[in-house]
Amino acid sequence: MTTTLIRNAQILQHDQLRPADVLLQDGRIHAIGPQLTTLADEVIDAHHHFLSPGLVDVHVHLRDPGLTAKETIETGTLAAAHGGFTTIGAMPNVDPVPDTPARVAAMVARNRARAHVHVAQYASITTGRAGDQLVDFAGVRDAGAFAVSNDGSGVQTAETMYQAMCGAARAGLPLAAHVEDDSLTHHGVMNAGPVADKLGLPGIPNVAESAQLARDLMLAEASGVHYHVCHVSTAQSVRLIRDAKRAGIHVTCEVSPHHLLLTDADITQDDPMLKMNPPLRSPRDRAALLAGLLDGTIDMIATDHAPHTAEQKQGSMATAAFGITGVETAFTLLYTQLVQPRILTLGQLVKLMSTRPAQLFGLNAGELKVGAPADLALFDLVHPYTIDAQRMVSKGRNSPFIGWHVVGATCLTVVAGNVVYRKEN
């Protein structure tokens with residue numbers, strides 16, 4: 001029976017930081033209280049930093065197998081631990097795609113053998129994440145998939161999406177959708193509007209997202225599926241989801257940190273580090289996303305961590321790959337940019353980045369209480385630092401936030417009672 005005592009921590013109680021010690025035993029939280037006196041195999045001094053339930057990110061690209069020049073299970077999950085995440089959802093755009101029960105089972109086993117944090121595995125919606133042939137939803141569920149998604153590709157045919165939703169609903173699987181109508185994207189590389197026009201780059205209009213979302217919401221109502229919208233980026237999408245929730249449709253959604261913190265107005269030159277899909281939208285869209293976060297329309301924050309090689313993010317936005325990394329910088333950026341200016345409380349941020357995604361996807365995570373899994377993250381909310389590419393653990397250094405001055409560094413990450421990341425002094 002292994003025990004670890006975390007002394008001199010600060011934990012949230014009723015949205016206030018309170019001093020506490022936390023005793024971990026056999027992978028679970030055994031006791032929480034002031035100045036616990038029990039003996040332990042290991043004692044960790046938290047130095048009065050903030051101890052949180054481990055963060056939960058339902059949208060991460062590990063690139064493994066098949067794309068391991070960009071990331072591996074090992075590097076991606078170490079990067080997650082570096083950011084305070086203890087549970088992540090691995091998207092299925094790998095090679096081979098986990099689109100059969102056997103492939104899902106192989107991915108689950110691969111994750112279990114190589115990951116440093118808990119990995120929940122997505123199966124795809126369709127074979128190869130393309131076309132109209134649906135996966136065996138009950139089969140991939142039984143093989144270990146926690147949800148299905150074609151992330152990176154919108155399902156273009158309404159009948160295919162409707163039948164997918166019906167199949168996912170019967171299997172009890174959430175369906176997470178990348179909503180994008182290919183016929184409306186016009187091969188764009190950034191948000192359509194004055195900035196794209198000034199830079200001479202093709203733009204992706206808001207309606208490419210919102211038109212397919214409107215279709216899907218009606219199909220979700222008809223099918224009864226748990227429909228989850230990935231990386232919401234437009235004001236119109238927020239409005240549609242808000243109305244759908246009021247109508248009783250079972251819809252949840254996420255927003256990515258970069259869409260909360262940046263807009264296309266921040267793209268002052270042709271910079272591939274600012275190319276992602278969906279693209280950075282207008283300041284009006286960003287304001288709508290923040291409003292949706294505050295009124296509960298948006299349920300959670302997810303990073304859409306998308307590592308690429310340096311070569312794939314060079315040159316022009318016209319030719320570079322879509323996507324930026326996110327798991328190592330999400331908490332510290334959002335704490336600095338949203339909590340410190342009092343846009344969100346610390347409790348709201350933890351709920352959005354841990355408690356709610358765990359609850360809504362049925363993951364055993366996101367709580368700091370006796371009996372819960374010993375999945376914890378310790379954050380320094382006092383000392384500022386600069387985001388440095390050389391300190392990143394991910395293979396991908398493709399972040400527009402390198403050089404930003406922030407507060408909220410991860411000091412320690414614990415998964416199932418074991419320390420998987422410890423900040424060097």
Side-chain angles (χ1 to χ4, degrees), residues 12 22 24 27-29 51-64 71-92 98 104 107-123 141 144-149 151 173-174 176 226 228 230 252 254-257 299-306 325-332 334 349-369 371-379 393-394 410 412-421:
L12 270 174
V22 179
L24 313 179
R28 307 197 80 79
I29 298 173
L51 188 65
S52 168
L55 305 181
V56 177
D57 186 351
V58 298
H59 194 147
V60 172
H61 299 276
L62 292 179
R63 311 298 198 196
D64 187 350
E71 193 78 285
T72 66
I73 293 169
E74 293 93 333
T75 60
T77 57
L78 280 172
H82 185 203
F85 289 95
T86 57
T87 300
I88 60 174
M91 282 296 177
V104 170
M107 279 301 313
V108 170
R110 188 182 183 94
N111 293 335
R112 188 177 296 118
R114 303 185 181 190
H116 297 272
V117 302
H118 304 296
V119 178
Q121 182 62 51
Y122 283 92
R141 176 204 62 202
F146 84 113
V148 293
S149 181
D151 185 60
L173 288 171
H226 172 188
H228 180 76
C230 296
T252 59
E254 69 192 44
V255 65
S256 298
D299 300 280
M300 67 191 76
I301 295 169
T303 68
D304 191 11
H305 175 77
T325 58
V327 291
E328 296 181 80
T329 57
F331 179 85
T332 187
L334 295 169
L349 185 62
V350 171
K351 183 178 179 181
L352 290 162
M353 295 188 73
S354 182
T355 311
R356 287 293 280 163
Q359 289 174 341
L360 293 172
F361 277 84
L363 302 170
N364 187 19
E367 294 184 298
L368 203 168
K369 67 178 186 180
D375 299 334
L376 306 168
L378 188 69
F379 298 103
V393 181
S394 171
T410 311
L412 187 80
T413 305
V414 178
V415 175
N418 300 309
V419 175
V420 295
Y421 170 76

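Residues Val56 and Met300 are not in side-chain contact: their nearest non-hydrogen atoms beyond the backbone lie 4.5 Å or more apart. Looking only at side-chain heavy atoms (C-beta outward), Val419 and Leu412 come within less than 4.5 Å of each other. Taking 4.5 Å as the limit, some side-chain heavy atom of Asp64 sits within range of a side-chain heavy atom of Glu74. Between Val350 and Pro53 there is a side-chain heavy-atom pair separated by less than 4.5 Å. Side-chain contact between Thr413 and Thr86 is present, with at least one heavy-atom pair separated by less than 4.5 Å. Side-chain contact between Asp57 and Pro357 is absent, with no heavy atoms from C-beta onward closer than 4.5 Å. Taking the side chain as every heavy atom from C-beta outward, Leu360 and Val58 never approach each other to under 4.5 Å. Using a 4.5 Å heavy-atom threshold, the side chains of Val104 and Pro98 count as touching.
Counting only N and O atoms by type, the side chains of Asn111 and His118 include no donor and acceptor under 3.5 Å apart. Between the side chains of His82 and Thr410, no donor-acceptor pair of N or O atoms lies under 3.5 Å.
Across every non-hydrogen atom of Thr329 and Thr332, the tightest pair is O-CG2, 3.3 Å. Nearest heavy atom pair, residue Ala302 against residue His59, reads CB-CB, 3.8 Å. Minimum interatomic distance between Gly83 and Phe331 (heavy atoms only, all atoms of both residues): O-CB, 4.3 Å. Contact between Ser149 and Tyr122 at its shortest, heavy atoms only, is CB-CD2, 3.7 Å. The two residues Ala358 and Ala365 make their nearest non-hydrogen contact at CB-O, 3.3 Å. Closest approach of Thr303 to Ala330, counting heavy atoms only: CG2-CB, 3.7 Å.
We find the OH-OG1 distance between Tyr421 and Thr77 to be 14.5 Å, quoted to the nearest 0.5 Å. The structure places CG of Leu78 at 8.0 Å from OG1 of Thr72, a figure rounded to the nearest 0.5 Å. From Gln359, atom CD reaches atom CG of Asp299 across 10.5 Å, with rounding to the nearest 0.5 Å. Note: Leu62 CG to Met107 CE = 7.5 Å, rounded to the nearest 0.5 Å. Here CG of Leu368 is found 4.5 Å from CD1 of Ile29. Values are rounded to the nearest 0.5 Å. Rounding to the nearest 0.5 Å gives a distance of 9.0 Å between OG1 of Thr75 and NE2 of His116.
Checked by atom type and distance alone, the side chain of Ser354 pairs as donor or acceptor with a backbone atom of Gly54 at under 3.5 Å.
Between Phe361 and His226, the ring planes lie tilted relative to each other; the angle falls in the 30° to 60° range.
Exactly one residue among Glu328, Arg63, Glu71 makes a side-chain hydrogen bond (donor to acceptor under 3.5 Å, both in side chains) with His305. That residue is Glu71.
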Passes side-chain contact (heavy atoms from CB on, under 4.5 Å), Cys230 versus Met91? Steps please. CA-CA 11 Å; Cys230 296; Met91 282 296 177; 4.1 Å; yes

